[in-house]
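Data first, discussion second: the structure below is written as structure tokens.
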Amino acid sequence: MMGLVQIDVAQIAELGTQVAMHGSVRAGEIVIDDVFELIVSLVSVVVESVAVV
């Protein structure tokens, strides 16, 4: 039989902070990726329009 899992109350707050920080970092990475894709798309459109003219 498995033993009872015990979590200290102080660890709960620390875990929540770590999860929140990880989520914030991931959200920042996603935003940066979206901005990069937008810039690449705009450059691609400009290059294609110059090549057509």
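This one's a predicted model, so the numbers in the text were calculated from it and none came from an experiment.
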*asked:* Quick check for you: to the nearest 0.5 Å, what is the distance between E37 atom CD and L42 atom CG?
replied: 12.0 Å
*asked:* Quick check on the hydrophobic clustering: are V43 and V35 connected, directly or via other members, by side-chain heavy-atom contacts under 4.5 Å?
replied: yes
*asked:* Taking V40's backbone N and O only, do any of them form a donor-acceptor pair with S44's side chain (distance below 3.5 Å, no angle check)?
replied: no
